Structures are given as structure tokens and as C-alpha cells.
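Here is the structure we will look at, set down as C-alpha cells.
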Amino acid sequence: MNQTAMDRRSLPLTDLSDDERMFRDQVRQFAEEKVRPVVAQMDKEGQIPRSMIDACFELGIMGIEIPENHGGAGATFFMSVLVVEELARVDASLAVLVDVQNTLVNNALLRWGSQDLQARYFPKLASQWVGAYALSEAGSGSDAFALACRAQDKGDHYELTGRKLWITNAAEAEVFIVMATVDPAKGYKGITAFVVERSFPGFAVGKKEDKLGIRASSTCELILDGCRVPKHNVLGEVGRGYKIAIETLNEGRIGIGAQMAGVAQGAFEHSLRYSQERRQFGKHISDFQAIQFLLAEMATQIEASRLLTYNAARLRDTGASFIKESAMAKLFASRAAEFVASKAIEVYGGYGFTREYPVEKYFRDQKVGQIYEGTTHMQLLVIAKQLLGRL
Ligand SMILES: Cc1cc2nc3c(=O)[nH]c(=O)nc-3n(C[C@H](O)[C@H](O)[C@H](O)COP(=O)(O)OP(=O)(O)OC[C@H]3O[C@@H](n4cnc5c(N)ncnc54)[C@H](O)[C@@H]3O)c2cc1C
């Protein structure tokens with residue numbers, strides 16, 4: 001980096017360093033040339049082709065913060081945010097695949113992984129292995145620490161038994177960060193994070209969800225049936241998984257803010273263009289003040305989403321406190337994306353309501369932004385706790 005985040009503090013949040021701009025432009029070009037032509041097909045088929053995932057590895061966007069000595073780009077968290085935003089502008093599904101890889105999986109290993117875990121997994125995560133993050137279960141979503149998945153100590157290994165639900169990237173992933181409890185009587189203090197490979201005995205990927213949006217992103221159940229995990233695959237300390245979950249999700253939700261800012265930007269650009277092509281009453285519809293005001297509202301919501309998201313990411317990179325700002329970014333950007341994608345359909349009129357035009361997909365894709373990595377209610381709870389000083 002030729003300019004550190006610290007040096008740039010007095011600059012506008014959206015001012016990018018040369019490295020940031022170059023990286024962003026490369027991803028934008030990739031999204032336009034390689035992703036956009038196949039977005040509708042991926043959505044229809046409900047999957048991201050392996051060739052697309054390989055292209056992401058080649059571009060260096062699957063190991064953004066992984067140190068260079070382990071094959072990664074050795075870049076900042078802010079870079080991940082830029083990448084996720086750019087991808088989501090074109091396809092929210094590919095964006096979340098890359099987001100989970102960087103902001104949850106790589107991030108957790110970077111912060112909590114032993115040297116041994118990093119040396120064994122980073123080179124693969126930077127070059128060929130997709131990762132997934134498994135906290136939620138059928139009975140524990142917002143109340144994530146009520147999880148029931150058990151980890152029993154068997155001497156040199158743990159045996160994991162239970163089921164995980166809603167796991168993004170599960171169909172493609174080779175490695176999973178799985179939260180399980182070593183002792184339910186200890187409550188949240190029993191929760192432990194494990195690095196689990198798809199090939200471990202007793203591990204299986206179950207049913208894939210048939211979803212409203214981000215249809216190309218896989219969301220599956222995990223079945224752990226006495227899954228044998230070596231002791232050296234405990235991530236961090238036994239009983240500290242709750243801390244890993246809270247802290248990675250605090251960071252991860254900045255990525256979702258970026259995804260939502262990107263979705264909103266993508267929907268907006270389509271409607272801006274369409275408003276200058278579509279004619280009614282002998283004029284372009286962009287000549288009507290009602291449409292102009294709508295476009296102005298949409299652009300303002302997007303700008304605010306981006307500023308909140310960039311600020312949270314830059315705070316995180318400088319080591320400052322960012323918990324409230326991260327929750328605010330996700331809360332605001334997900335609501336803004338709902339507003340913008342909905343209004344984008346209105347700008348298109350009846351055409352926007354059909355699958356022949358691109359905006360209905362943005363509308364379907366945005367909704368998950370208010371659900372995963374903590375629902376809107378949970379973001380409000382985090383913000384309120386921070387305001388009231390109760391942590
Ligand atoms: C597409 C998709 C991908 C996902 N990917 C992952 C993944 O990769 N890994 C993973 O671990 N999880 C993943 N999830 C799970 C996601 O994090 C959960 O769905 C989410 O945390 C909400 O949990 P829930 O669905 O059980 O809803 P619930 O917790 O049952 O919530 C239902 C409603 O009740 C509200 N509510 C609950 N408690 C309170 C409260 N105390 N105060 C006020 N309101 C409350 C909620 O806000 C919500 O409106 C994914 C989910 C989806 C849909």
C-alpha cells in the first residue's frame with residue numbers, strides 16, 4: 001500500500017488510494033465482462049459454475065487479506081468491501097460467495113487461527129478452496145448461542161454431532177468453520193469453533209434451499225454425524241467460540257453493507273439508463289420531475305449506504321471501534337437496497353415486473369440483507385446496546 005488508511009484520514013471516505021482504485025477497477029471489469037453475461041443463467045440454474053469460482057481465485061479476490069507468504073493478496077479489509085460492492089452491482093450471489101470467503105472464513109483464521117492452521121489452510125483458501133461459516137441451526141438463528149450441535153472430547157479428536165442450517169457456500173466449500181458446544185451446561189461458554197474439512201468422516205452436506213433471491217448462491221444444511229475433527233483443528237481456544245462468532249460477524253456485516261450498496265447501485269444504474277430511453281407522452285420519462293426526484297432519492301440512499309459502509313471498514317482497518325458503525329451500515333444499506341430495488345421496478349413500469357428485464361432480480365436479491373448476519377432487529381439491538389453502554 002502506498003498510502004495507509006491512517007494517512008488518508010482527512011480525505012473523503014470515497015477517495016481511493018491508487019491500489020484501491022486499481023483493484024476496484026479490475027473487479028469492475030471482471031464483473032462486466034465475465035459475470036454480467038451469465039448472471040441470468042446462473043440465477044435460473046441456481047448455481048455458480050466452478051469456472052466462475054476459479055476465475056475469482058485467479059483474480060486474487062478469494063484471499064484478499066491472506067498474507068502474501070501464504071499466497072494471498074495481503075491487502076486490507078476495505079479492499080474486500082470494495083470487491084463485494086463491485087460484484088454485487090452485477091450479481092449479489094457471486095458477491096456473497098466472495099464475501100463469506102473473505103470477511104468470515106479467512107478473517108476468522110487470520111484473527112484466531114494458530115500458525116499451523118494458517119499454514120495448512122491459507123494457501124488452499126487463496127488458490128482453490130471455497131470456505132463456509134456455520135453458526136445457525138434450525139432452532140437457533142438470532143439466538144445463535146442456543147445452538148445444539150455437540151462436540152465430544154474423544155482424546156486426540158472431537159466428535160461433532162448435530163445439524164447446521166442455512167450455510168452459504170456449502171455446496172462448493174471444502175472447509176467449514178463450525179460452531180459447536182463442548183458442554184451445553186456451560187451455556188455460551190461451551191461454544192467452540194472448529195475447522196472442519198468436507199472430507200472428514202461423519203460430515204455431509206444436506207438439502208439445498210430453494211430461495212427467493214441470491215438463487216445462484218448455495219444455502220444448505222450440514223449434517224454432522226460423529227464427525228471426527230482433530231484437536232489441532234480447534235480455532236482459537238475451547239469455549240471461546242462465542243467470541244469468535246461475535247467478532248467475525250461484527251466485521252462480516254460490513255461486507256453485507258457493501259453487498260447491499262452494490263445491489264442498490266446496480267438496480268439504480270439500470271433505471272437511470274432506462275429512464276432516458278423510455279418515452280411516454282412524447283418525452284423521455286426522465287423528463288418528468290416525478291422520475292427525476294425518484295432518481296435523486298435513490299442516489300442519495302446509495303451514497304449514504306456507501307459512506308456508512310466505507311466508514312465502518314476504514315475504522316476497522318485503523319483498529320478503532322466499529323461495532324455500532326458496522327451495525328448501522330448493514331441496517332441502513334439493507335433498507336436502502338430494498339427501497340432502491342423496489343423503485344427501480346417502478347421506473348421500468350410493467351417491464352420491471354418481468355424476468356426479461358434485470359431489475360426484478362435485484363429486488364429478490366436485496367431481501368436477504370435484512371436477514372443474514374443478524375436480522376434488522378438484531379442490528380437495532382446492537383446499536384441500542386452500544387448507545388446505552390450495555391455490552
Ligand atoms: C440465504 C441465507 C444465507 C445464510 N447464510 C448463513 C451462513 O452462511 N452461516 C450461518 O451460520 N447462518 C446463515 N444464515 C442464517 C441467518 O443468519 C439466520 O437466518 C438469521 O440469523 C435469523 O435467524 P432465523 O432465520 O432463525 O430467524 P429468527 O431468529 O427465528 O427470527 C425471526 C424473527 O424474529 C425476530 N427476533 C428474534 N429474536 C428477537 C429479539 N430478541 N428481539 C426482536 N426481534 C427478534 C427476528 O429479527 C426476525 O424478524 C443464512 C440465512 C439465509 C436466509
Side-chain angles (χ1 to χ4, degrees), residues 43 46-48 84 88 91-108 130-149 160 162-173 175-181 191-196 198 205-224 235 241-242 244-253 255-256 259-260 263 327 330-331 334-335 337-338 361 364-385 390:
D43 184 57
Q47 65 175 21
I48 298 171
V84 171
D91 183 41
S93 289
L94 189 63
V96 78
L97 180 135
V98 172
D99 175 72
V100 167
Q101 177 92 358
N102 286 286
T103 72
L104 297 181
V105 179
N106 295 344
N107 192 11
V130 173
Y133 182 88
L135 174 64
S136 306
E137 298 180 3
S140 60
S142 300
D143 188 11
F145 297 156
L147 59 81
C149 191
L160 269 55
R163 285 177 181 230
K164 293 286 173 187
L165 202 63
W166 311 115
I167 307 310
T168 299
N169 292 354
E172 300 83 9
V175 65
F176 298 76
I177 293 180
V178 177
M179 303 291 171
T181 178
I191 296 172
T192 305
F194 298 87
V195 180
V196 180
R198 193 185 195 92
V205 175
K207 180 176 145 266
K208 184 174 164 188
E209 302 298 334
D210 186 7
K211 308 191 297 295
L212 168 74
I214 56 164
R215 290 183 60 81
S217 159
S218 67
T219 313
C220 313
E221 187 183 23
L222 304 185
I223 302 157
L224 300 149
L235 180 62
Y242 72 95
I244 297 178
I246 290 176
E247 296 193 6
T248 43
L249 288 171
N250 281 340
E251 301 188 354
R253 58 181 60 122
I256 304 304
Q259 185 199 26
M260 291 297 116
V263 164
K330 180 182 182 282
L331 173 78
S334 59
R335 284 175 168 172
E338 182 175 41
K361 177 176 176 294
R364 287 187 285 111
D365 285 350
Q366 55 75 25
K367 193 64 212 180
V368 75
Q370 293 180 44
I371 300 171
Y372 56 19
E373 299 202 31
T375 64
T376 284
H377 296 131
M378 292 303 111
Q379 306 312 315
L380 290 167
L381 210 68
V382 169
I383 298 164
K385 273 186 184 169
R390 289 188 217 140

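Note that this is a predicted model, so its numbers are computed, not measured. Just so you know, ligand 1 is whichever comes first in the structure, and atom 1 is the first atom listed for that ligand.
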- Task: Run the salt-bridge test on Lys207 and Glu209 with the 4.0 Å N-O cut-off and return the result as yes or no.
- Result: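 Salt bridge between Lys207 and Glu209, a charged N being under 4.0 Å from a carboxylate O: yes.
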- Distance-minimising heavy-atom pair for Lys361 and Ala92: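 Scanning both residues, the minimum pair turns out to be NZ-N, 4.2 Å.
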- Go through Thr248 and Tyr133 one step at a time and tell me if the side chain to side chain donor-acceptor pair (under 3.5 Å) criterion holds. CA-CA 10 Å; Thr248 43; Tyr133 182 88; 2.8 Å; yes
- Note on the structure: Output for ligand 1, non-hydrogen cut-off under 4.0 Å, lists Tyr133, Ala134, Leu135, Ser136, Gly141, Ser142, Trp166, Ile167, Thr168, Lys211, Ile214, Thr219, Val368, Ile371, Tyr372, Glu373, Thr375, His377, Met378
Residues 140-147, side-chain donor-acceptor partners within the protein, below 3.5 Å, at least two apart:
none

- Query: Short question: side chain of Arg198, backbone of Ala170 - any donor-acceptor pair under 3.5 Å?
  - Reply: yes
- Item | Approximate separation, where rounding is to 0.5 Å, of Ile383 CD1 and Lys330 NZ |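 The NZ atom of Lys330 is 10.0 Å from CD1 of Ile383, to the nearest 0.5 Å.
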